[in-house]
Amino acid sequence: MTVRLRFSPAPTGYLHVGSARSALFNWLYAKRTGGVMVLRIEDTDVDRSQPEMIAAIHDNLRWLGIDWDEEYRQSERFEQYRTVTQDFVDAGKAYYCDCTRDAVVARVGENVGYDGHCRDRQVAPPSDGDTDRSVVVRFRTPDTGTTAWDDLIRGRVEFENAVLEDFVIVRSNGVPMFHVANAYDDLDMNITHVVRGEDLVNTTPRVLLLREAMGATEHPTYAHLPLIVNEQRKKLSKRRDDVSVGDYADRGYLPEAMRNYLVTLGWGSKDDIEIRPIEEIIERFDLADINKAPAFFDIKKLDHFNGEYIRKMDSQSFIESCAAHTEGVDSDLFGRLAPFVQERIRRFDEVPSVIDWVVGEPPEVEPKDWKKVMTKDGVDKVLDMVIERLSDVAWEPPALAGAILGVGDELGVKSQLPVRIAVTGRRSGMPLFEPMAELDRSVVLDRLRMARERL
RNA sequence: GCCCCGUUCGUCUAGCGGCCUAGGACGCUGGCUUCUCAUGCCAGUAGCACGGGUUCAAAUCCCGUACGGGGUACCA
C-alpha cells in the first residue's frame, strides 16, 4: 500500500512556522517513503477562511521547496459531508439539538461539556425561514469504553469515551464541522499517515469515532508533533510571535536554511550533523525518531544556519539573492563588494548596512564609537597626514593601504581605525581599502576633512 | 475544574540497560589568523527535574512528586 500523507492548513492567515514544520515533516516522510503528498485546504469555516490566503500558502510552501501531488478544498466537498451527516442522523448515530450555550450552562454549569439533553428529545430538523431557533447536529458518543490509538511519536494514547461529550458535527448554518470533513476526507482520500501538531491530539478520538461511524475498520497511523514554543514556552502565536514564513523570506532568510533549521526542531540525526543537504535529511528522517517535548524556536540558531548557507553560496547566487536589498546599487560595483559582504552577513537584509558608505552616505557615527576612537591622542595628526598623502597617492587599494598604514607606522599609532570612522561611519565592516578605492578621491578627502574639523 | 501530554547543558539535539568520567550544535568566554568587524581554526563553559523502586548494572524500565505545556467552541 502506498503511503499517503496530507498537509491540511486552514486558510485563515499566512503560513506560520509551526504549520510549515508540519508540512515539512509530512513532506519529508512522503519523500522518504516514496509516498503521495496531499494538500488539503480545510476551509469549512466560511466566516474565517480567506480565499486569498490559499495562494499565499501555496507560495510559502513552494518557497520552502515543499511540493504536493494532489490538492483539494473542503469547501468544494460540502455535499459529501452533508450526505454523511444525514446518514448519521437517519441511523440514529447523530441527532438534532436546539440547546443554546446559555441553556447548557444553566443546566450543568461552566467548565462542563454538553449534557446530552437532546439525545432522545426528537428535536425537529431545522426548516427554512425558521429564525427563532438554531439547530445543530450532534454526534452521539459512546458512554462507555475507551478510544485509543498507537501514536508513532507519543506511544499509546487513550481517552475514556465517557469524557467525550456529544460534539457538534453540523453547525446551525448547515455547514459541517472540521472533524467530519477531516474524518471523511482522510477516509475518502486513503490517507495512511496523519502527521500534525500536538494541539490536535484531543480531537483525535472524535475523528476516530466518526470514522468508525462511517464504516471504517482501519485507521491511519497518527504522529502528533511536539509544538514549537516561544521563550515563555508557550505555543507560538500569531499575535505575539514572529511566525509568518513570508516575513522570514522578506527579512532575508534562505529557504534551504529555514527548512534545515525547522527539521532540527524535534528531530536530530544520529550522526550529529545538523546542517546538511535536504537529500541527506530525507534519507535519515523517520517519524518514529521525533521527540515528544516542545522545542523553542531559537532565532539565533536560525541566523547561524542562514549564515552558513549564505557563505556556502557561489558568488553569482549570492549576488542574485541580495537583489531585493541592493536596489539602485550599480551591479558591477556590488559585484566587486559582494565577496566582502558575503562573509559577514547572516541575513540578506543586513546588506544595506554593510555597503551604505560605498554606495551612498555613511551613517552618523555612534557617540560611543567616536569617543572611543577619535578622542585619542594623535588622531588629529593621523588625519592630517592621511589627508595629505591621499591627495596624490595612486587611487588603488595597495597604494591606499600603504599610505594609511604608513602614517600609523611612522607615528606609532593605529591609523586604520580613525580613518575607518571618518570614511565609513563605523568601527567595523568590510575591509577598508578595496571598497574605499571605489569612491572618488574627493569624496574620501571630504569625509576625512569633516572628521578632522569635528575633532 | 476535567481530559491529554511532556521533562538530557541557557537553547536545539544524540543516547533507546553496561561502549556515558553523557556526545554534537547554537550561544557565551578565551586564544590564533587579521587593516576593523566578520570568516576560519583551537580551547573552555554548562545538563540526565526530584524521590522511590526493578536490576549485578539506569539518562535509559516502573511508580510517585514537582514543574511545564496542550485541549476543553456552532475555530482548525
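As the structure is a prediction and not an experimental result, all values here were calculated from the model. Chain letters run A, B, ... following the sequence lines, proteins first, then strands; residues in each count from 1.
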Counting only N and O atoms by type, is there a donor-acceptor contact under 3.5 Å from the side chain of A/R171 to the main-chain atoms of A/P176?
-> yes

Verify whether the ring centers belonging to A/W267 and A/F285 lie closer than 6.0 Å.
-> yes

Between B/rG70, B/rC26, B/rC74, which nucleotide gets closest to the side-chain atoms of A/R138?
-> B/rC74

Which nucleotide in B/rU39, B/rC35, B/rG23 has an atom nearest any side-chain atom of A/D272 | B/rG23

Side chains of A/S428 and A/R344, donor plus acceptor under 3.5 Å | no

Short side-chain N/O contact to B/rG15 OP1/OP2 from A/K270, under 4.0 Å | yes

In terms of side-chain geometry, is the basic nitrogen of A/K301 or A/E274 positioned less than 4.0 Å from the acidic oxygen of its partner?
-> yes

Has the side chain of A/S134 got a donor or acceptor atom sitting under 3.5 Å from an opposite partner on the base of B/rC74?
-> yes

Whole-Å P distance, B/rC12 and B/rG51 | 23 Å

Protein-nucleotide distance (A/M177, atom CE; B/rA73, atom P), rounded to Å = 10 Å

Which of B/rC26, B/rG70, B/rA76 is nearest the side chain of A/N202? It is B/rG70

Which part of the nucleic acid does A/E274 contact within heavy-atom distance under 4.0 Å: base, sugar-phosphate only, or nothing?
-> base

Among B/rU11, B/rU36, B/rG69, the one nearest A/F296 by side-chain distance | B/rU11

Is the closest basic N to carboxylate O distance between A/D289 and A/R284 below 4.0 Å?
-> no

Give a yes-or-no answer on whether the side chains of A/Y248 and A/D242 include a donor-acceptor pair shorter than 3.5 Å.
-> no

Please check the phosphate of B/rG40 (OP1 and OP2 only) for any side-chain N or O of A/R311 closer than 4.0 Å.
-> yes

Give A/N291 one of three labels, base, sugar-phosphate or nothing, depending on what nucleic acid heavy atoms sit under 4.0 Å from its own.
-> sugar-phosphate

If you measure from the P atom in B/rC62 to the same atom in B/rG70, how many Å do you get, rounded?
-> 26 Å

Could you tell me whether A/L200 contacts a base, only the sugar-phosphate backbone, or nothing, with contacts defined as non-hydrogen atoms closer than 4.0 Å?
-> base

Which listed nucleotide (B/rC75, B/rC74, B/rG23) is nearest to the side chain of A/R48?
-> B/rC75

Expressed in angstrom and rounded to an integer, what is the separation of A/F305 atom CZ from B/rU13 atom P?
-> 11 Å

Report yes or no: do A/D271 and A/S269 form a side-chain donor-acceptor pair below 3.5 Å?
-> yes

Which part of the nucleic acid, if any, lies within contact of A/Q342, taking any heavy atom under 4.0 Å across all strands shown: a base, the sugar-phosphate backbone alone, or nothing?
-> nothing

base_contact_polar (B/rC37 base, A/R427 side chain, donor-acceptor, <3.5 Å) = no

Remember a base hit wins even if backbone is also touched, and classify A/R426 as base, sugar-phosphate or nothing at under 4.0 Å, heavy atoms.
-> nothing

Kindly say whether, by distance alone, the side chain of A/D199 makes a donor-acceptor pair under 3.5 Å with the base of B/rG71?
-> no

Length of the line joining A/K234:NZ and B/rG6:C1', which is rounded to integer Å = 14 Å

Watson-Crick or G-U wobble mate for B/rG6, both contacts under 3.5 Å = B/rC67

Rounded to whole angstrom, note down the P distance from B/rC42 over to B/rC48.
-> 28 Å

At under 4.0 Å between heavy atoms, what does A/E308 touch on the DNA or RNA strands: base, sugar-phosphate, or nothing?
-> sugar-phosphate

Are A/M430 and A/W357 close enough that some pair of their side-chain heavy atoms sits under 4.5 Å apart?
-> yes

Sort out the partner of B/rC28 for me: Watson-Crick or G-U wobble, both distances under 3.5 Å, none otherwise.
-> B/rG44

Could you tell me whether A/V136 contacts a base, only the sugar-phosphate backbone, or nothing, with contacts defined as non-hydrogen atoms closer than 4.0 Å?
-> base

Separation of atom OH in A/Y309 from atom P in B/rC26, rounded to whole Å = 14 Å

Using the C1' atoms only, state how far B/rC9 lies from B/rU45, rounded to an integer number of Å.
-> 9 Å

Whole-Å distance, A/I299 CD1 to B/rC26 P, equals 17 Å

Taking the same atom, C1', in B/rU8 and in B/rG23, what whole-Å distance lies between them?
-> 11 Å

Heavy atoms under 4.0 Å, any strand shown: does A/T44 hit a base, just sugar-phosphate, or nothing?
-> sugar-phosphate

Determine whether any donor atom in the side chain of A/R154 lies under 3.5 Å from an acceptor atom in the base of B/rC5, or the reverse, and answer yes or no.
-> no

Given atom NZ of A/K235 and atom C1' of B/rG71, what is their separation to the nearest angstrom?
-> 9 Å

Between B/rA57 and B/rU65 - C1' atom distance, rounded Å = 26 Å

Per nearest nucleotide of RNA chain B, the residue lying toward the 5' end, A/G429 or A/R346, is A/R346

Atom C1', compared across B/rC41 and B/rU21: separation rounded to whole Å = 27 Å

What nucleic acid atoms does A/A401 come within less than 4.0 Å of, heavy atoms only: base, sugar-phosphate, or nothing?
-> nothing

When you check the phosphate oxygens OP1 and OP2 of B/rC5, does a side-chain N or O of A/R233 lie under 4.0 Å from one of them?
-> no

B/rC12 base to A/T264 side chain: any donor-acceptor pair below 3.5 Å?
-> no

Assign A/G266 to base, sugar-phosphate, or nothing according to its heavy-atom contacts below 4.0 angstrom with the strands shown.
-> sugar-phosphate

Taking atom P in both B/rG6 and B/rA38, what distance in whole Å separates the two?
-> 43 Å

A/M430 vs A/E165, nearer the 5' end of RNA chain B by closest nucleotide = A/M430

Phosphate OP1/OP2 of B/rC4 contacted by A/R206 side-chain N/O (<4.0 Å) = no

Per A/K301 side chain, nearest of listed nucleotides B/rA38, B/rG24, B/rG68 | B/rG24

Please give, in whole Å, the distance from B/rA73 C1' to A/D166 CG?
-> 15 Å

Nucleotide B/rA76, atom P - distance to CG of A/L227 in whole Å = 18 Å

Find out whether the Lys NZ or Arg CZ of A/R77 is both under 6.0 angstrom from the six-membered ring centre of A/Y184 and within 45° of the ring's axis.
-> no

